[in-house]
Amino acid sequence: MLSTSLSAAGSKSAATLYSPPNFSGLSLHLFDSQLRLPSLSTRRPCRAVVAMAGTGKFFVGGNWKCNGTKESITKLVSDLNDAKLESDVDVVVAPPFVYIDQVKSSLTDKIEISAQNSWVSKGGAFTGEISVEQLKDIGAKWVILGHSERRHVIGEDDLFIGKKAAYALNEGLGVIACIGELLEDREAGKTFDVCFTQLKAYADAVPSWDNIVIAYEPVWAIGTGKVASPQQAQEVHAALRDWLKKNVSDEVASKTRIIYGGSVNGGNCAELAKQEDIDGFLVGGASLKGPEFATIVNSVTSKKVAA
Ligand code: PGA
């Protein structure tokens with residue numbers, strides 16, 4: 001039972017969206033904020049074929065953000081349709097809302113569609129928002145929530161993001177649940193605290209973990225070309241899985257995909273994919289180039305021979 005109070009975020013509503021998130025008053029007594037991981041070589045026995053701690057299928061999402069035109073998206077879809085993609089990967093792309101219909105009707109059905117955001121409850125008088133019901137109506141299967149650009153540019157807080165995740169899951173959309181620390185958090189040694197707090201906000205809200213993929217995206221690595229090293233990413237992914245094990249269940253810890261995002265590209269994906277707790281990627285800039293995105297999807301092959 002996750003009963004830790006998140007009172008700092010708990011009283012906020014959608015109407016206070018624009019206040020920046022404040023982690024300072026959070027009660028973290030359930031977390032081991034001094035978590036130190038045992039050396040990786042002693043954590044699990046080495047597996048014979050696949051370097052994968054979790055049991056879920058490799059998952060790669062392309063987050064197109066606020067990019068593209070009808071013309072450029074036609075080309076991107078055509079490149080994706082022509083690409084040879086490994087079959088044992090769940091592949092998802094997240095076009096801007098206004099192009100979802102175009103993409104859905106022209107893209108191979110081997111790739112599923114995600115939205116980049118959704119409204120927190122049933123649609124209605126919410127100017128400028130898009131509801132989960134509408135997303136399902138046009139064929140989206142997933143939604144990205146808690147992305148750092150929504151947290152830190154738009155000002156969405158943990159409680160609001162948790163509510164959005166719960167609503168989307170209850171209505172049958174899969175959720176790509178993003179978390180990640182700022183550079184200043186990392187430099188202050190607060191990476192685990194921040195990530196656990198954000199993860200706990202999802203854990204407190206969601207009805208089940210069946211349809212959630214966690215995306216660990218250090219904010220300092222997003223769109224900066226400064227990718228986390230495979231060791232840095234692995235360390236956080238392993239800590240997140242341990243958190244799920246201690247605070248949710250063994251089953252959820254092993255079956256939930258934990259994907260990495262932040263300057264992933266065709267050149268660095270293979271080394272990252274070899275890490276045993278990296279179950280895939282959320283890709284921004286490099287997902288706008290079909291052949292490079294295909295290379296990232298196909299990095300699953302380096303995972304298979306890594307152990
Ligand atoms: P990036 O973005 O790959 O361009 O760093 C990742 C993301 O924001 O999901």
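Only this structure's heavy atoms are used, side chains among them; waters, hydrogens and symmetry mates stay out.
- Among residue pairs with one or both ends in residues 89-108, none qualify as ring pair (Phe, Tyr, Trp, His ring centres under 6.0 Å); sequence neighbours excluded.
- Ser78 contributes no side-chain N or O that, together with a main-chain N or O of Thr74, makes up a donor-acceptor pair within less than 3.5 Å.
- The heavy-atom pair separating Leu272 from Val227 by the smallest distance is CD1-CG2, 3.9 Å.
- The distance from atom CG of Asp158 to atom CG of Asp204, rounded to the nearest 0.5 Å, is 9.5 Å.
- By the 4.5 Å heavy-atom criterion applied to side chains, Val143 and Val132 are not counted as neighbours.
- To the nearest 0.5 Å, atoms CG (Asn170) and OG (Ser121) are separated by 12.5 Å.
- Side-chain contact between Phe160 and Arg151 is absent, with no heavy-atom pair separated by less than 4.5 Å.
- Once rounded to the nearest 0.5 Å, the distance linking CG of Asn247 with CZ of Phe196 reads 8.5 Å.
- Summarising the geometry, atom CD1 belonging to Ile100 is positioned 11.5 Å from atom CD belonging to Gln102; distances are rounded to the nearest 0.5 Å.
- Ile259 and Val60 end up in different hydrophobic clusters when Ile, Leu, Val, Met, Phe, Trp and Tyr side chains are linked at under 4.5 Å.
- Applying the salt bridge (charged side-chain N to carboxylate O under 4.0 Å, His left out) definition to pairs two or more places apart or across chains, none involves residues 101-126.
- The shortest side-chain heavy-atom distance between His147 and Glu217 falls under the 4.5 Å cut-off.
- Annotation: the span from Asn67 atom CG to Trp64 atom CH2 amounts to 10.5 Å, rounded to 0.5 Å.
- Remark: Ser131 engages Glu133, Gln134 in a side chain to side chain contact (heavy atoms under 4.5 Å, CB included) (not counting sequence neighbours).
- Judged as a ring pair (Phe, Tyr, Trp, His ring centres under 6.0 Å), and not counting sequence neighbours, the contacts of Phe59 are Trp142.
- The two atoms that bring Leu135 and Ser118 nearest to each other are CD1-CB, 3.7 Å, heavy atoms only.
- Contact detail for Val297 and Val91: the closest heavy-atom pair is CG1-CG2, 3.7 Å.
- Follow the hydrophobic side-chain contacts under 4.5 Å out from Leu240 and you never reach Ile144; the two are in separate clusters.
- A search for ring pair (Phe, Tyr, Trp, His ring centres under 6.0 Å) contacts involving Tyr216 returns His237, not counting sequence neighbours.
- Not counting sequence neighbours, the partners of Ser229 by the side chain to side chain contact (heavy atoms under 4.5 Å, CB included) test are Gln231, Gln232.
- For Gly223 against Ser263, the heavy-atom pair with the smallest separation is N-OG, 3.9 Å.
- Applying the salt bridge (charged side-chain N to carboxylate O under 4.0 Å, His left out) rule to pairs touching residues 248-263 yields Asp90-Arg257, Asp210-Lys255, Glu251-Lys255, sequence neighbours excluded.
- Annotation: side chain of Ile113 is in contact with side chain of Val93 (closest heavy-atom distance under 4.5 Å).
- Trp220 belongs to a hydrophobic cluster whose remaining members, ordered by chain and number, are Leu183; membership requires side-chain heavy atoms of ILVMFWY residues under 4.5 Å apart, directly or through intermediates.
- Looking at Glu156 and Asn117, their side chains come closer than 4.5 Å, going by heavy atoms from C-beta outward.
- Heavy-atom contacts from other residues, nucleotides or ligands closer than 6.0 Å to NZ of Lys190 number 12 or fewer.
- Between Asn298 atom CG and Leu85 atom CG the span is 6.0 Å, to the nearest 0.5 Å.
- Under the 4.5 Å side-chain heavy-atom criterion for grouping Ile, Leu, Val, Met, Phe, Trp and Tyr, Tyr202 is not connected to Val213 through any hydrophobic cluster.
- Contacts of Ser299 classified as side chain to side chain contact (heavy atoms under 4.5 Å, CB included), with partners at least two apart in sequence or in another chain: Phe58, Cys269, Ala273, Phe281, Ser302.
- Annotation: side chain of His152 is not in contact with side chain of Ile222 (no heavy-atom distance under 4.5 Å).
- Residues Tyr260 and Ala228 come closest through the heavy atom pair OH-N, 3.0 Å.
- By the 4.5 Å heavy-atom criterion applied to side chains, Ser208 and Leu169 are not counted as neighbours.
- Within the 3.5 Å criterion, the main-chain N or O of Val219 finds no donor-acceptor partner in the side chain of Arg186.
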Which pairs would a plain distance check flag for residues 171-178, meaning a side-chain donor or acceptor within less than 3.5 Å of a matching protein atom at least two apart in sequence or in another chain?
none

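- Under the 3.5 Å distance criterion, the side-chain polar atoms of Asp185 are left unmatched by any main-chain donor or acceptor of Asp193.
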Which donor-acceptor pairs under 3.5 Å do the side chains of residues 283-294 make with protein atoms, sequence neighbours left out?
{"residue": "Ser287", "atom": "OG", "partner": "Val283", "partner atom": "O", "Å": "3.2"}
{"residue": "Ser287", "atom": "OG", "partner": "Gly284", "partner atom": "O", "Å": "2.7"}
{"residue": "Glu292", "atom": "OE2", "partner": "Gly266", "partner atom": "N", "Å": "2.8"}

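- Summarising the geometry of Lys303 relative to Lys274, their closest heavy-atom pair is NZ-C, 4.2 Å, with the distance given to 0.1 Å.
- Both Val252 and Leu145 are assigned to one and the same hydrophobic cluster, defined by single-linkage of ILVMFWY side chains at heavy-atom distances under 4.5 Å.
- Proximity of a side-chain donor or acceptor of Glu181 to a complementary backbone N or O of Phe192 within less than 3.5 Å is not detected.
- The hydrophobic cluster containing Leu282 does not contain Ile258, counting ILVMFWY residues as joined when their side-chain heavy atoms lie under 4.5 angstrom apart, directly or transitively.
- Applying the salt bridge (charged side-chain N to carboxylate O under 4.0 Å, His left out) test to every pair with at least one member in residues 72-87, sequence neighbours left out, gives these pairs: Lys75-Asp79, Glu86-Lys304.
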